[in-house]
Amino acid sequence: MNRYSRDQMAARVAQDIQDGACVNLGIGLPTLVANHLPKDREIILHTENGLLGMGPAPAPGAEDPDLINASKQPVTELPGASFFHHADSFAMMRGGHLDCCVLGAFQVSVDGDLANWHTGAPDAIPAVGGAMDLALGAKSVYVMMEHLTKGGDSKIVSQCSYPVTALRCVSRIYTDLAVLEVTPQGLRAVDIVDGLSLPELARLSGVAISG
Amino acid sequence: MNRYSRDQMAARVAQDIQDGACVNLGIGLPTLVANHLPKDREIILHTENGLLGMGPAPAPGAEDPDLINASKQPVTELPGASFFHHADSFAMMRGGHLDCCVLGAFQVSVDGDLANWHTGAPDAIPAVGGAMDLALGAKSVYVMMEHLTKGGDSKIVSQCSYPVTALRCVSRIYTDLAVLEVTPQGLRAVDIVDGLSLPELARLSGVAISG
Amino acid sequence: MIDKTVATVPDAIADINDGATVMIGGFGSAGMPSELIDALIGQGARELTIVNNNAGNGDAGLALLLKARRVRKIICSFPRQTDSWHFDALYRAGEIELELVPQGNLAERIRAAGAGIGAFYTPTGYGTLLAQGKETREIDGRQYVLEHPIHADFALIKALAGDRWGNLVYRKTARNFGPIMATAARCTIAQVQRIVALGVLDPEAVVTPGIFVRRVVCVPAGAAGAVHEAAA
Amino acid sequence: MIDKTVATVPDAIADINDGATVMIGGFGSAGMPSELIDALIGQGARELTIVNNNAGNGDAGLALLLKARRVRKIICSFPRQTDSWHFDALYRAGEIELELVPQGNLAERIRAAGAGIGAFYTPTGYGTLLAQGKETREIDGRQYVLEHPIHADFALIKALAGDRWGNLVYRKTARNFGPIMATAARCTIAQVQRIVALGVLDPEAVVTPGIFVRRVVCVPAGAAGAVHEAAA
């Protein structure tokens, strides 16, 4: 079966981010999106630890421990950047001012419920960070994830079995097999990887998907 | 009958403001206190429209319309000053960070209820400004007022007949006749103007006052 | 490319609709966006709800918007002033609705709208006329009143300088309501004394990040204003 | 005369008592007041409740305070990290209490404490494990959870520079929780890379007004720190 590569997935997400948008890219897979933002668009990156106008990673040796992103990796600031404290940063998120955020996920339900913070395993140490704030704060929430678990189970589900992050928050799902839109009538396929049919995608996903 | 002059009242209030205190002086009579702050104490003045470290009125001709106090009069800034927006300024007040505020009043009750924003007259246009926030925000609330109305009624009352600004908020009352402390057991006279007895003060006030 | 600058003041406020809720920055005349208000008077929108600390002073700015009978309701903390005659006349004639809010609750309600807070318990106003009919609650032995956010369709604010991303810095006590109103409106329009190139504003000292601002229009300071700038 | 500067780091934290609630600034190591924490370990206070975004990293700062078993409870958003082994061990052994709070609710609860807000309705966490047992309410068609302020006895924070009034400025993303923690504690103690004369900090760019700070202690940047300052 064909699959979109991680870079293809990132490029596909990047294509859906509009010129001028203020965007937060979550930890993990979503960070790849930064490498694929169209050069003819000016997109402002937000990091929840207090920076708008985040630039790419610094050159080796130019790292500044006071200038990091939410994953605690060194970053840079662009002309036009601004710094603010944590309450202001999360007010920005919760208040609906971000145009878009891109998040990883364990599961997404057909209603757009998101599970991405906790496996619920009895011995797991829970950690939530800013996941819940991002999931409900941004105007559009894009999820990037593998379509299936290593065991072959669908990560797109009728109802999340993992503890949810936020309810009915996801707008679009970008996987290695398809791009799906969450609509009031259920999931709709926007793109499917070459060689995969809509019925086969729905069968693999275990949920109804319209074309 | 002897009376404290307005400047004597202001000087008496100023004497009770500790070195290092952050203080808000309300509109009207309380503004006089600034002229009497002891020179050997460093006291930081707050104005609710967004300035800590307010200085005296500017020299004539040096007024700056962007640098005003809550009464909209031109002021100056001292070294060490800081500017902030209205939500931060009132968070500072409501959060209990000011050591002291000095307010004018129509009435104060024996329980420390304050009425200073509205006469309640049917044709009056109500205006509250920051009075309610100041009254309950500062650690100590000092009231400065004439003891009696022009008609000879006491402004110190068993219960406010005017609409209240805040309940049980006043710490001390400075009038032209006395300085009174509001205690859980009622009013206690700290100072009385020369020639006035405690029983006579209580009779004029129409409420019980201990010595 | 992002360019939030707008060429003219009338362009900046052209789409303010009848019935809109409009926040207007300023504390008295400090921080009042006079040119934006004047343009709004010329533009003609009616039945407005205005959020401002005051209810207009003298014969300028907001007072003239009131005089032109464009305002259905005003939400403010301190309407009564020695020179609020236009408001006073409308109010006494029953031709304007007044929602009187303690100044700190006004500021916090505006901030709450921008911050996505559904409602909050404030001690300010408890036990007073201004809390009548509002839900109250005792928390840790103290009494509070439940207050709700104030959202707006438009915010008209004044800042010292801005850039094409909409980043703003203010000047002294003219900052007042500008930064919080910018967060609470669907469309925030800032008049600035100068527009600077991206990167000129110190990222540590930007007060309003550009994400909160939709339009920036340059209104150079007049004669009086030029003096301030020289002093700054 | 007001002089909030303190000569030594141990003097600055000497009165932190057993059982105190202590906020500690920083997001990972950016903004973490390492020298204040090290002094607190030396000072010996026990049974502390710590408020921080994380639960310690590696073998430094907060992680060592945990390792020394001085912490009864931690309130944080993100305890689990690849190098949070000291917290992990205590947690799995049932020797530390964890209150897990979504990061935005953590920030807003700290801000609420400083701002005198009794409680607030936030949409964050609604319908999740982290809102179990909490009061909820529908407001204008959206669901919210009621959250309460987090007050502290002490806040230990790091800033770039401060003056004798306690005014502070920060550096880049090391600002994070410092400004709000400063407002929420009875006694805020700031370590700064340099103490400057009153009036040196730009009043328009002061991030934490001195009213929120009780003590300022100078901890010059080390070799690595000196590099940042040259770059600033």
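Per chain, numbering begins at 1; letters A, B, ... match sequence-line order.
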Requested in this report: Examine whether an atom of Thr165(A) lies under 4.5 Å from a heavy atom of chain D, and if so say whether it belongs to the side chain, the backbone or both; otherwise answer neither.
Outcome: backbone
Query - Test item: Arg111(D) and Phe90(A) side chains (from C-beta on) under 4.5 Å apart, heavy atoms - result: no
Query raised in the report: Side chain, backbone, both or neither: which part of Arg142(D) has an atom under 4.5 Å from a heavy atom of chain A?
Result: side chain
Requested in this report: Heavy-atom pairs under 4.5 Å with chain D are the metric here; pick the option from Ala135(A), Gly129(A), Ala115(A) that has the most.
Outcome: Gly129(A)
Report task. Please flag which part of Ser29(D) lies under 4.5 Å from any non-hydrogen atom of chain A: side chain, backbone, both or neither. Result -> neither
Query raised in the report: Looking at Pro126(A), Gly130(A), Ser89(A), which makes the most heavy-atom pairs under 4.5 Å with chain D?
Result: Pro126(A)
**Report entry** Side chains of Tyr4(A) and Asp191(A), donor plus acceptor under 3.5 Å
**Finding:** no
Report task. May I ask you to name which of Pro123(D), Gly178(D), Gly125(D), Gly104(D) has the most heavy-atom pairs under 4.5 Å with chain A? Result -> Gly104(D)
Query - Aromatic centroids of Tyr170(D) and His85(A) separated by under 6.0 Å - result: no
Report task. Decide whether Ser5(A) and Asp7(A) meet the rule of one side-chain donor and one side-chain acceptor closer than 3.5 Å. Result -> no
**Report entry** chain D contact via Asp113(A) - which portion, at a heavy-atom distance below 4.5 Å
**Finding:** neither
Report summary line: Okay, Tyr91(D) and chain A: the region with an atom under 4.5 Å from a heavy atom over there is side chain
Requested in this report: Report yes if the side chains of Tyr142(A) and Val33(A) come closer than 4.5 Å at any heavy-atom pair, otherwise no.
Outcome: no
**Report entry** Partner chain A: residue of Ile110(D), Asp88(D), Leu130(D) with the largest heavy-atom pair count (under 4.5 Å)
**Finding:** Leu130(D)
Requested in this report: Please flag which part of Gln81(D) lies under 4.5 Å from any non-hydrogen atom of chain A: side chain, backbone, both or neither.
Outcome: side chain
**Report entry** Residue selection (most heavy-atom pairs with chain A, distance under 4.5 Å) from Thr173(D), Val207(D), Asn53(D)
**Finding:** Thr173(D)
Requested in this report: Would you list the pairs meeting salt bridge (Lys or Arg N to Asp or Glu O under 4.0 Å) in which at least one residue belongs to residues 37-62 of chain A, sequence neighbours left out?
Outcome: Glu42(A)-Arg164(C)
Query raised in the report: Within a radius of less than 6.0 Å around CZ of Arg186(D), do more than 12 heavy atoms belonging to other residues, nucleotides or ligands occur?
Result: yes
Query raised in the report: Which one of Lys72(A), Glu77(A), Met93(A) has the most heavy-atom pairs closer than 4.5 Å to chain D?
Result: Lys72(A)
Requested in this report: For each of Gly137(A), Ala131(A), Ala70(A), Ala166(A), tally heavy-atom pairs with chain D at distances under 4.5 Å, and name the one with the top tally.
Outcome: Ala70(A)
Query raised in the report: Hey, are the side chains of Val13(A) and Leu32(A) touching, using non-hydrogen atoms and a 4.5 Å cut-off?
Result: no
Query raised in the report: Can you say whether Phe83(A) sits under 4.5 Å from chain D via the side chain, the backbone, both, or neither, judging by heavy atoms?
Result: both
Requested in this report: Evaluate the ring planes of Tyr162(A) and Phe106(A), with Trp represented by its six-membered ring, and classify them as parallel (under 30°), tilted (30 to 60°) or perpendicular (over 60°).
Outcome: perpendicular
